[in-house]
Amino acid sequence: NKMTVSDYAQQYLATKKDIKKIADKSIDGYEREIRLRINPTFADTKVRDVSTKMANEWVRKLIKTETSYSVKKAIKIARSIFAKAISDDLIVKNPFDSVAEDYTHKSKEMNPFTAIELNMFLISAEQDPFYAYWYLLAHTGIRRGEGLALTWNDIDLTNKTISINKTLNEKMVLSSPKTEESDRVLNISDDLVEVLEKQRIKTLEMSLNEHYEDNNLAFPNVIGRYMSATNLIKRNFAFILKRAGLKDRTIHDLRHTFASLYINSTKDIAGCSTFLGHSKMSITLDYYTKYLPTENESPAKVMSEIIK
């Protein structure tokens with residue numbers, strides 16, 4: 001009865017590993033969902049204490065930052081874990097069976113910047129101490145935690161690449177990226193290299209302070225530790241928007257901005273999906289197909305020209 005969700009989830013995974021029909025990749029997926037989406041909220045909570053109310057609140061929080069696909073997957077695994085808890089006589093009711101299904105059909109409204117608005121944002125951000133961070137997010141579409149987790153070992157300014165291999169969550173805990181596909185190497189532009197070179201010099205100057213902890217971070221706070229995304233939103237991002245005369249948005253909208261502008265310009269869904277680190281190209285299609293440029297020629301006309 002004192003079993004925590006984190007401990008019981010490990011037992012659940014061990015049981016899954018004993019089932020030979022379940023592929024290793026699937027097991028890795030279970031482990032990732034537990035580590036990234038379930039444990040951050042429920043790890044230290046006793047299995048018997050998880051209520052339907054807590055489950056619903058968890059889902060409400062997930063849909064603010066996750067895709068509909070990711071939310072559904074997380075709920076499915078949580079339900080499976082607690083179904084096993086029922087069979088093990090730890091609980092009598094599965095709190096995730098009563099999660100309001102309509103939550104999973106609500107995706108947080110995307111509100112990407114237009115090209116003009118993005119430039120307005122970046123001009124306003126030039127006065128912010130984290131300008132290089134905002135510029136990086138706008139140029140690459142990486143997730144905010146992926147950016148904050150970067151060290152200078154991950155950034156190769158000579159070969160113009162950035163390795164995304166970890167992320168920093170809201171609780172300031174470092175972990176692996178969301179999916180296997182999220183572990184990736186990105187090619188970056190000369191413009192971004194120039195901005196990052198200046199950021200490198202800045203962090204070297206910061207490290208001269210005797211009270212500075214040199215953790216080799218690309219975007220540290222004033223004492224050299226990981227910068228809190230929550231603080232960035234409240235103290236920096238909101239002020240940049242206000243100074244630029246732009247309406248409220250989320251940091252994640254910079255990711256949507258990258259995707260929408262890139263797809264509108266190139267029509268390259270596959271390339272965008274790889275850059276964003278989506279686990280499936282269908283996720284990219286679901287979110288950003290509407291940003292594909294409208295073709296003037298109808299399919300009938302195109303096929304008439306092909307078939308003579």
Side-chain angles (χ1 to χ4, degrees), residues 13 23-40 43 62 65-67 69-70 73-74 130 132-193 195-197 199-200 202-204 206-207 213-221 224-230 232 251-252 254-256 258-259 262 270-281 283-284:
L13 284 173
D24 289 343
K25 187 174 182 179
S26 296
I27 296 296
D28 290 342
Y30 295 148
E31 189 278 333
R32 194 178 301 113
E33 289 297 321
I34 292 168
R35 173 168 46 84
L36 296 179
R37 299 195 177 93
I38 297 174
N39 275 349
L62 280 182
T65 57
E66 305 288 346
T67 65
Y69 171 84
S70 295
K73 186 175 180 181
F130 283 85
Y133 174 73
W134 306 121
Y135 197 87
L136 170 70
L137 263 57
H139 266 250
T140 63
I142 63 174
R143 301 174 179 92
R144 68 186 190 186
E146 292 173 340
L148 292 174
L150 287 173
T151 69
W152 289 111
N153 292 334
D154 303 317
I155 302 173
D156 187 338
L157 296 175
T158 301
N159 293 309
K160 304 175 186 176
T161 62
I162 293 179
S163 297
I164 306 297
N165 49 49
K166 53 190 171 296
T167 188
L168 187 72
N169 68 21
E170 292 180 357
K171 293 188 176 182
M172 306 296 287
V173 176
L174 206 63
S175 63
S176 301
K178 286 180 64 174
T179 65
E180 290 181 13
E181 290 75 14
S182 293
D183 195 331
R184 60 204 188 279
V185 177
L186 306 179
N187 295 315
I188 59 176
S189 67
D190 291 336
D191 290 337
L192 180 52
V193 168
V195 170
L196 290 174
E197 285 175 340
Q199 176 67 9
R200 178 59 173 148
K202 178 181 175 181
T203 55
L204 288 173
M206 291 170 66
S207 68
E213 297 179 16
D214 191 358
N215 294 302
N216 202 33
L217 300 179
F219 305 103
N221 62 16
R225 297 175 183 174
Y226 287 110
M227 182 63 189
S228 164
T230 301
L232 271 179
I251 290 181
H252 205 70
L254 283 171
R255 181 170 167 84
H256 294 319
F258 166 83
Y262 177 81
C272 185
S273 184
T274 299
F275 222 75
L276 292 175
H278 281 161
S279 59
K280 295 182 179 180
M281 193 169 71
I283 296 174
T284 315

## Note on the structure
When every non-hydrogen atom of C272 is compared with those of F258, the smallest separation belongs to SG-CE2, 4.5 Å
### Residue pair L276 / A259: nearest heavy atoms and the distance that separates them
CD1-CB, 3.9 Å
### Query
Is a side-chain donor or acceptor of Y133 paired with a backbone partner of R144 at a separation under 3.5 angstrom?
yes
### Query
Heavy atoms, side chains only, cut-off 4.5 Å: are N221 and S228 in contact?
no
### Query
Given side chains that start at C-beta, do those of F219 and M227 come closer than 4.5 Å, heavy atoms only?
no
### Query
Do you know which two heavy atoms are closest between A74 and R37, and how far apart they sit?
CB-CD, 4.0 Å
### Message
Do I142 and I162 make a side-chain contact, defined as non-hydrogen atoms from C-beta onward lying under 4.5 Å apart?
### Response
no
### Query
How long is the span from the CG atom in D156 to the OG atom in S163, to the nearest 0.5 Å?
8.0 Å
### Task
Mind checking the CG-CG spacing from L157 to L192? Nearest 0.5 Å is all I need.
8.5 Å
### Summary
dist L254:CG -> H139:NE2 (nearest 0.5 Å) comes out at 11.5 Å
### Message
Given 3.5 Å as the limit, does a donor-acceptor pair link the side chain of Q199 with the main chain of A218, or not?
### Response
yes
### Task
Would you confirm whether the ring centroid of Y262 sits within less than 6.0 angstrom of the ring centroid of F275?
no
### Message
To check you understand the geometry: which heavy-atom pair defines the closest contact between L232 and W134, and what is its length?
### Response
CD2-CZ2, 4.0 Å
### Query
For T203, which residues count as a side-chain hydrogen bond (donor to acceptor under 3.5 Å, both in side chains) partner, sequence neighbours excluded?
W152
### Query
How long is the span from the CZ atom in R225 to the CG atom in D214, to the nearest 0.5 Å?
13.0 Å
### Query
Is the backbone of Y30 close enough, under 3.5 Å, to the side chain of R32 for a donor and an acceptor to pair up by distance?
no
### Message
Any non-hydrogen side-chain atom of V193 less than 4.5 Å from a side-chain atom of I188?
### Response
yes
### Task
Under the side-chain contact (heavy atoms from CB on, under 4.5 Å) rule, what do L62 and S70 come out as? Steps first, then yes or no, please.
CA-CA 9 Å; L62 280 182; S70 295; over 6 Å; no
### Task
Could you check Y135 against D191 for side-chain contact (heavy atoms from CB on, under 4.5 Å), going step by step and ending with a plain yes or no?
CA-CA 10 Å; Y135 197 87; D191 290 337; 3.4 Å; yes
### Task
May I ask you to check whether over 12 heavy atoms, not counting those of K160, lie within 6.0 Å of atom NZ?
no
### Query
Just by distance, do the side chain of S207 and the backbone of L204 share a donor-acceptor pair under 3.5 Å?
yes
### Query
Looking only at heavy atoms, what is the nearest atom pair of L136 and G147, with distance?
CD2-CA, 4.5 Å
### Task
Starting at CD of E146, measure out to CG of D154 and round the result to the nearest 0.5 Å.
11.0 Å
### Query
What's the shortest heavy-atom distance between R143 and S182, and which atoms?
NH1-OG, 3.2 Å
#### Entry: Nearest-0.5 Å distance, CD1 of residue I164 to CG of residue L150
5.0 Å
### Message
Over 60° means perpendicular and under 30° means parallel, so tell me whether H252 and H256 are parallel, tilted or perpendicular.
### Response
perpendicular
